[in-house]
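Numbering starts at 1 and runs along the sequence shown.
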Amino acid sequence: MKNWLRAEQLLASGDMDAAERMYLALSTDSTVSVAARLRLSLLEERRGNYRKAVEYVLAASASCDGDGEVLAITAKRLLVVGEIQEFKACAEEIVRHANPPAMECADLAKLALDVFMPDLADKLIVKAKEGGLRSPGLDYLNGMAAFYEGNLQRAQFELERAISGDALFPHPHLLLSKIKRQNPTENHIRRLLKTSELMRSSIDSSIIDFALFKEYDDIGLYKDAWEFLERGLAKRKMNINFDPGGEKKKFEALRSIGRKREVEAGLHDGPQPIFIVGLPRTGTTLLESFLARHKDVVAAGELHDAVMQLRWCCEAAGGIQLDYNLIRMAEGVDIALYGKRYLERSSWRAGTAKRYTDKLPANYMMLGWLIPALPNARFINMRRSPVDACFSNLKEFFAGFYPYSYDQIDVADHFANYRELMLLWHTLYPNRILDVDYEEFVERPEAEMRRVLDFCGLDWQQQIMGNAVGTAATPSSAQIRDGIQSHFVARSRHYEEKLAPMIRRLRMHGIDC
């Protein structure tokens with residue numbers, strides 16, 4: 001313990017070389033070996049040695065002795081560095097543990113939901129409850145897992161229980177509004193208005209505004225709906241960190257990427273990904289739900305491997321979103337290594353299937369690396385009419401993602417950047433990307449699915465046009481379970497006058513509205 005405290009003091013003082021020596025010595029001590037390796041991982045990340053940092057985390061995971069708290073800490077660190085399969089294995093070990101710490105189980109359940117694993121989240125929630133934990137937050141996680149799995153009745157029950165435990169907990173209110181389309185006789189508007197008044201000074205009150213918009217919009221009271229959406233957008237914009245100048249710089253860097261030499265197709269065997277990209281809320285989840293009905297396709301959801309494995313290849317520590325620094329560091333990346341690394345870290349999700357989906361919309365920014373790195377992958381770009389696409393972004397509460405989406409001008413500029421970048425990828429890599437229009441898909445689903453399957457090299461199977469929907473961990477989860485709904489097309493028409501600033505901005509970019 002004395003040596004451990006000394007190593008911690010050295011790390012805190014910035015003497016990383018001396019701290020490293022002590023942690024290396026401690027890594028052979030069975031009582032602190034896992035903790036020492038986790039510290040070595042953090043130390044290497046600070047030095048910019050990202051691959052070494054990942055290596056130490058994996059070593060820590062391999063040597064975990066079954067202590068519940070140590071397993072939980074290791075699992076969280078595995079997730080931070082993008083080692084999702086090892087995170088899953090570590091979390092499942094916690095589930096098998098006789099008496100894991102309840103709060104850690106709840107924390108890991110939330111992380112499991114973040115990486116498209118509601119079934120794992122369910123097991124962790126059970127362990128948290130067995131450990132005596134009872135809280136509105138846990139009820140909310142339970143409801144969210146059920147929502148993603150399509151068990152909407154259970155989701156509603158758990159969310160109502162969360163609200164009963166804490167009426168001012170905004171997130172279950174919002175998710176409850178999405179479970180079904182509200183109507184004039186069955187809705188939560190009265191309770192939401194009361195909650196809104198009580199939360200007037202809270203930073204999270206915008207969440208209730210978005211819920212009120214959703215419910216008023218569902219029942220056709222568009223004037224009231226817009227009032228709350230506008231209020232929610234204004235609050236949200238004040239409380240997020242969005243830099244339009246920084247976004248412009250990032251897209252300029254992306255557009256400067258030249259064509260990269262493509263890897264030979266024979267170098268990559270095994271299951272291959274189908275990337276579904278575009279702006280969020282443009283039909284990406286709907287398309288994935290149809291593909292998932294094919295016997296040779298597994299829906300893997302919104303993966304973060306594209307960015308995280310590029311970070312590993314470039315020795316660029318950071319989060320799950322592409323940033324300017326990573327773009328610049330990736331200019332000379334080893335494309336073959338990147339493709340190999342991506343497949344190693346993602347293809348396990350396919351199981352025995354030939355293909356698996358990676359449905360993270362923002363991966364459209366990654367195509368300059370993904371296309372040349374993955375010759376056997378398929379890339380589908382979901383498009384939607386400009387005003388509807390932008391409006392669908394504006395009206396969605398995205399938590400920590402898509403910070404451009406809370407302002408009419410910002411969302412129009414982002415759409416223009418997206419469109420210009422996709423045109424570049426089409427030019428650099430002709431015939432590698434299939435564009436699918438949401439409106440066309442809704443109008444002619446079978447014809448469009450035949451076109452998609454042909455592009456993906458998959459045979460036609462009649463069950464694709466059935467109604468079965470599996471797990472869908474996105475805001476669209478409830479909508480896709482109702483099948484194709486034509487009323488979502490041109491939804492923005494009810495707010496056309498209010499959306500005038502956005503429409504003018506789109507036209508300024510030369511975009512027909």
Report the residues that fulfil side-chain hydrogen bond (donor to acceptor under 3.5 Å, both in side chains) with Glu69, sequence neighbours left out, ordered by chain and then residue number.
none
Restricting to pairs with a member in residues 500-513, which pass side chain to side chain donor-acceptor pair (under 3.5 Å), not counting sequence neighbours?
Asp413-Arg505, Asp413-His509
So, using side-chain contact (heavy atoms from CB on, under 4.5 Å) as the criterion, who are the partners of Glu252 when residues are at least two apart?
Lys248, Arg255
With sequence neighbours excluded, tell me which residues meet side-chain hydrogen bond (donor to acceptor under 3.5 Å, both in side chains) with Asp410.
none
Exactly one of Arg491, Lys395, Lys178, Lys223 clears salt bridge (charged side-chain N to carboxylate O under 4.0 Å, His left out) with Asp217, and that residue is Arg491
Check the pair Phe401, Ile320 against side chain to side chain contact (heavy atoms under 4.5 Å, CB included), reporting the backbone distance first and the verdict last.
CA-CA 10 Å; Phe401 294 93; Ile320 57 177; 3.5 Å; yes
Whether Tyr404 and His414 hold their rings parallel, tilted or perpendicular, with breakpoints at 30° and 60°
parallel
Once you measure the plane-to-plane angle for Phe441 and Phe290, does it fall in the parallel (<30°), tilted (30-60°) or perpendicular (>60°) bin?
perpendicular
Residue list, side-chain hydrogen bond (donor to acceptor under 3.5 Å, both in side chains) with Glu93, at least two apart or on another chain
Arg96
Under a 3.5 Å cutoff, is there a donor and acceptor pairing between the side chains of Asn363 and Asp358?
yes
In chain order, what residues pass the side-chain contact (heavy atoms from CB on, under 4.5 Å) check against Lys129, with sequence neighbours excluded?
Ile125, Arg134, Leu138, Asn142, Glu158, Arg161
Taking the six-membered ring of Tyr406 as reference, does the cationic atom of Arg236 (NZ for Lys, CZ for Arg) lie under 6.0 Å from its centre and within 45° of its axis?
yes
Does one side chain, of Ser405 or Arg281, offer a donor that lies under 3.5 Å from an acceptor on the other?
no
Sorted by chain and number, sequence neighbours left out, salt bridge (charged side-chain N to carboxylate O under 4.0 Å, His left out) with Glu446 holds for Arg450
Which of Arg200, Arg231, Lys214 passes salt bridge (charged side-chain N to carboxylate O under 4.0 Å, His left out) with Asp209? It is Arg231
Aromatic plane relationship, Tyr222 with Tyr495 - under 30° parallel, 30 to 60° tilted, over 60° perpendicular
perpendicular
Salt bridge (charged side-chain N to carboxylate O under 4.0 Å, His left out) evaluation trace for Glu440 with Arg383
CA-CA 10 Å; Glu440 194 72 15; Arg383 304 188 302 189; over 6 Å; no
Check: Asp122/Tyr148 side-chain N/O donor and acceptor closer than 3.5 Å
no
For the pair Glu160 and Arg191, find out whether any cationic side-chain nitrogen is under 4.0 Å from an anionic carboxylate oxygen.
yes
Is it the case that the ring center of Phe379 lies less than 6.0 angstrom away from the ring center of Phe275?
yes
Looking only at side chains, do Asp435 and His426 share a donor and an acceptor under 3.5 Å apart?
yes
Once side-chain contact (heavy atoms from CB on, under 4.5 Å) is applied, do any residues pair with Arg345, and if so which ones, sequence neighbours excluded?
Leu58, Glu83, Asp305, Gln309, Arg341
Side chains of residues 109-119: which donor-acceptor pairs under 3.5 Å do they make with residues two or more places apart or in other chains?
residue: Lys110; atom: NZ; partner: Asp114; partner atom: OD1; Å: 2.9
residue: Lys110; atom: NZ; partner: Asp114; partner atom: OD2; Å: 3.0

Partners passing side-chain hydrogen bond (donor to acceptor under 3.5 Å, both in side chains) against Lys250 (at least two apart in sequence or in another chain):
none
Test side chain to side chain contact (heavy atoms under 4.5 Å, CB included) applied to Ile207 and Phe210, step by step
CA-CA 5 Å; Ile207 299 172; Phe210 278 88; 5.9 Å; no
Set of residues satisfying side-chain contact (heavy atoms from CB on, under 4.5 Å) with respect to Asp243, sequence neighbours excluded:
none
Using salt bridge (charged side-chain N to carboxylate O under 4.0 Å, His left out) as the criterion, list what pairs up with Glu448, not counting sequence neighbours.
Arg444, Arg451
Any salt bridge between Glu197 and Lys194, counting N to O under 4.0 Å?
no
For residues Asp166 and Tyr140, is any side-chain donor paired with an opposing acceptor at under 3.5 Å?
no
Of the non-hydrogen atoms in Met308 and Gly82, which two are nearest, and what is the gap between them?
CE-N, 3.8 Å
Let's go through Glu496 and Arg493 carefully: what are the C-alpha distance in whole Å and the side-chain angles of both, what is the deciding distance for salt bridge (charged side-chain N to carboxylate O under 4.0 Å, His left out) to 0.1 Å, and is it a yes or a no?
CA-CA 5 Å; Glu496 191 169 359; Arg493 69 187 184 279; over 6 Å; no
